[in-house]
Number of protein chains: 2
Amino acid sequence: MTFESTKSLSASLEDYLQAIFWTAAAKGAARAKDIARQLGVKASSVTGALQTLAEKRFVHYQPYEAITLTAEGFDEAARVAQRHFIVREFFVTVLGLDRAVAEEEACRTEHCLGDDIAERLATLMEFVKAHPDMESGVSQLLAERYRSAEIPAQVRRGLVTVADLRSGQKAVIVAVRSGGALARRLVDMGLGRGALVEVEGAAPTGDPIRVKIRGYQLALRRTEAAVISVVGK
Amino acid sequence: MTFESTKSLSASLEDYLQAIFWTAAAKGAARAKDIARQLGVKASSVTGALQTLAEKRFVHYQPYEAITLTAEGFDEAARVAQRHFIVREFFVTVLGLDRAVAEEEACRTEHCLGDDIAERLATLMEFVKAHPDMESGVSQLLAERYRSAEIPAQVRRGLVTVADLRSGQKAVIVAVRSGGALARRLVDMGLGRGALVEVEGAAPTGDPIRVKIRGYQLALRRTEAAVISVVGK
DNA sequence: TGACGGAATTAGGCAAGACTAATAATATTG
DNA sequence: CAATATTATTAGTCTTGCCTAATTCCGTCA
């Protein structure tokens with residue numbers, strides 16, 4: 001028994017499908033050469049990919065003839081292209097990325113996001129566009145945070161702290177951002193780089209926060225928790 | 001001349017690094033067996049990956065001994081883990097995804113998003129949390145749109161239409177969502193499934209929209225444009 | 001119609017990353 | 001301390017996806 005056709009496509013095959021999609025839309029059909037040029041691969045690689053896609057019934061392929069998509073191939077290509085489009089527009093309009101950068105990132109992201117997420121992103125984008133105050137609020141916050149190329153590394157450090165974790169969550173400490181005595185005291189308590197902390201709970205006010213580290217329980221003031229940068233699990 | 005260490009890691013090696021990161025945080029060091037179990041691979045695959053990671057100076061590795069991360073390995077692992085965390089939390093808190101689904105999607109997405117985008121997502125998430133009206137507005141919109149599992153396919157069709165495109169953008173038509181006479185008229189004008197349209201411009205009011213199709217220019221009323229589902233380029 | 005040039009295909013190689021099977025090292029335990 | 005059990009490593013295979021080099025096909029033009 002042979003399984004000659006599987007539904008799911010690799011990132012690479014999705015790229016071939018998209019190249020055919022756009023070329024066929026513009027010219028009626030694609031030639032191997034067009035595809036090779038678009039994807040930056042050699043013609044022989046295209047032949048191989050076409051054979052695989054034909055086995056999976058996504059393209060009409062006869063050696064030496066023009067290539068077109070089957071109905072399933074068209075649907076599949078349209079889905080990938082739609083994800084690409086939505087993700088890129090989201091990166092540009094909501095996250096304020098440069099168009100060229102967004103395009104490049106979208107080329108990778110289109111292969112790893114499900115349709116479901118792409119649709120939700122589109123909905124979010126629509127919502128943001130419909131509320132100009134939010135659009136400007138977000139873009140202003142992003143702009144002031146990423147004004148300088150130097151900033152991101154600083155921001156990254158402080159993005160998530162023990163104070164941001166939910167009850168029951170575990171995290172690894174990556175830095176204690178505080179000079180002098182406080183930092184030393186925290187490190188002495190075991191709260192150093194690489195240590196695993198688990199948030200046990202917090203008082204209703206959110207202060208203090210009970211954490212567990214190396215088996216010991218500890219109560220941290222919110223101000224202390226907020227200087228401990230972590231990576232959450 | 002040999003190049004024994006390259007900076008960039010494959011998705012697979014990033015996974016190994018993360019597995020070591022979490023295990024080492026919990027137990028001080030990792031064993032090949034732990035890693036194999038976490039990643040669902042055989043022990044022999046782990047050995048291979050460790051050799052590669054050791055060459056790249058991301059892990060301290062001596063055959064048969066416990067495995068720990070180097071300083072660079074820790075940084076790299078923390079960055080991947082941070083992307084994972086941010087993306088998952090974004091999927092859950094902003095996009096309203098189920099935690100389990102979000103976790104799974106994050107496992108793939110962590111490898112294809114740049115740190116820059118992850119940070120911007122975190123900023124957006126922070127903004128949303130700080131504006132309860134936005135949070136509830138988005139979640140309400142998402143909830144009513146994805147109430148039923150049947151809906152997504154319907155939604156997908158109508159997500160992007162000719163009316164949503166910017167001037168100069170190209171797109172492929174995937175469906176004309178209109179019964180009877182209008183659909184027939186549009187298809188007769190060449191606006192059928194698979195056709196490439198290019199938006200030439202729109203009147204200041206956004207109506208009518210001038211498009212080019214197969215070399216011909218055409219003016220579409222906004223109501224017409226809005227029933228033509230496309231995939232944007 | 002036959003020869004040429006460009007385009008496409010085949011054949012064979014290489015790297016990554018998984019696997020199995022066999023072997024070697026370490027741990028455990030009587 | 002030796003026998004056994006567990007864990008890790010090596011060796012060799014398979015698949016995917018790219019490559020180069022050699023060959024084959026097709027259209028054009030003299």
Side-chain angles (χ1 to χ4, degrees), chain A residues 1-20 23-24 27-56 58-68 76 80 107-108 110-112, chain B residues 1-20 23-24 27-56 58-68 76 80 107-108 110-112:
Chain A
M1 205 193 309
T2 53
F3 296 93
E4 59 174 17
S5 77
T6 314
K7 290 273 176 56
S8 74
L9 291 175
S10 65
S12 167
L13 290 180
E14 282 184 353
D15 283 335
Y16 283 101
L17 217 51
Q18 266 194 101
I20 299 166
T23 307
K27 310 205 286 186
R31 311 307 312 262
K33 198 194 170 192
D34 304 322
I35 302 168
R37 191 176 28 73
Q38 276 180 71
L39 299 181
V41 298
K42 297 294 167 183
S44 56
S45 307
V46 176
T47 302
L50 288 174
Q51 288 166 349
T52 309
L53 287 172
E55 256 178 23
K56 295 177 190 288
F58 285 121
V59 297
H60 295 296
Y61 170 66
Q62 289 296 110
Y64 299 103
E65 289 182 11
I67 300 139
T68 54
E76 192 62 36
V80 180
C107 283
R108 275 176 293 125
E110 67 193 9
H111 303 298
C112 66
Chain B
M1 204 191 314
T2 54
F3 296 94
E4 58 175 16
S5 77
T6 313
K7 290 274 176 55
S8 74
L9 291 175
S10 65
S12 167
L13 290 180
E14 283 184 352
D15 283 335
Y16 282 101
L17 218 50
Q18 265 195 101
I20 299 167
T23 307
K27 311 205 284 187
R31 311 306 314 262
K33 196 195 170 193
D34 304 321
I35 302 168
R37 191 177 28 72
Q38 275 180 71
L39 299 181
V41 299
K42 297 295 166 183
S44 57
S45 308
V46 176
T47 302
L50 287 174
Q51 289 167 348
T52 309
L53 288 171
E55 256 179 25
K56 294 176 190 287
F58 285 122
V59 298
H60 296 295
Y61 170 66
Q62 288 295 110
Y64 298 102
E65 288 182 12
I67 299 138
T68 53
E76 191 63 36
V80 180
C107 283
R108 276 176 291 125
E110 68 194 6
H111 303 299
C112 66

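Letters A, B, ... mirror the listed sequences (proteins, then strands); counts begin at 1.
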Stepwise side chain to side chain contact (heavy atoms under 4.5 Å, CB included) test for B:Leu17 and B:Val80: CA-CA 9 Å; B:Leu17 218 50; B:Val80 180; 5.8 Å; no

side-chain contact (heavy atoms from CB on, under 4.5 Å) partners for B:Ala49, two or more places apart: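 If we apply the side-chain contact (heavy atoms from CB on, under 4.5 Å) test to B:Ala49, skipping adjacent residues, the hits are B:Leu13, B:Tyr16.
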
Positional range of nucleotides in DNA chain D within the contact set of chain B, heavy-atom, under 4.0 Å: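 The protein-touched segment is D:dT7 to D:dT10.
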
Value rounded to 0.5 Å, distance of OH in A:Tyr61 from OG1 in A:Thr52: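 If we round to the nearest 0.5 Å, A:Tyr61:OH and A:Thr52:OG1 are 10.0 Å apart.
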
For atom CG of B:Leu17 and atom P of C:dG17, their distance in whole Å: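 Checked: the CG to P distance equals 13 Å.
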
Find every protein N or O atom lying less than 3.5 Å from an N or O atom of nucleotides 8-12 of chain C, and list the pairs.
unit_1: C:dA8; atom_1: OP1; unit_2: A:Ala32; atom_2: N; d: 3.4
unit_1: C:dA8; atom_1: OP2; unit_2: A:Lys33; atom_2: N; d: 3.0
unit_1: C:dT9; atom_1: OP1; unit_2: A:Tyr61; atom_2: OH; d: 2.4
unit_1: C:dT9; atom_1: OP1; unit_2: A:Tyr64; atom_2: N; d: 3.2
unit_1: C:dT9; atom_1: OP2; unit_2: A:Thr47; atom_2: OG1; d: 2.8
unit_1: C:dT9; atom_1: O4'; unit_2: A:Tyr64; atom_2: OH; d: 3.3
unit_1: C:dT10; atom_1: OP2; unit_2: A:Gln51; atom_2: NE2; d: 2.7

Closest contact, heavy atoms only, [X] versus [Y]:
X	Y	result
B:Thr68	B:Gly28	CG2-O, 3.8 Å
A:Val59	A:Ala54	CG2-N, 3.6 Å
B:Ala32	B:Ile67	N-CD1, 3.8 Å
B:Glu14	B:Glu110	OE1-O, 4.3 Å

Mind listing the side-chain donor-acceptor pairs of residues 33-46 of chain A below 3.5 Å, one per line with the distance, residues two or more places apart or on another chain?
unit_1: A:Asp34; atom_1: OD1; unit_2: A:Lys27; atom_2: NZ; d: 3.4
unit_1: A:Asp34; atom_1: OD2; unit_2: A:Arg31; atom_2: N; d: 3.0
unit_1: A:Gln38; atom_1: NE2; unit_2: A:Thr23; atom_2: OG1; d: 2.5

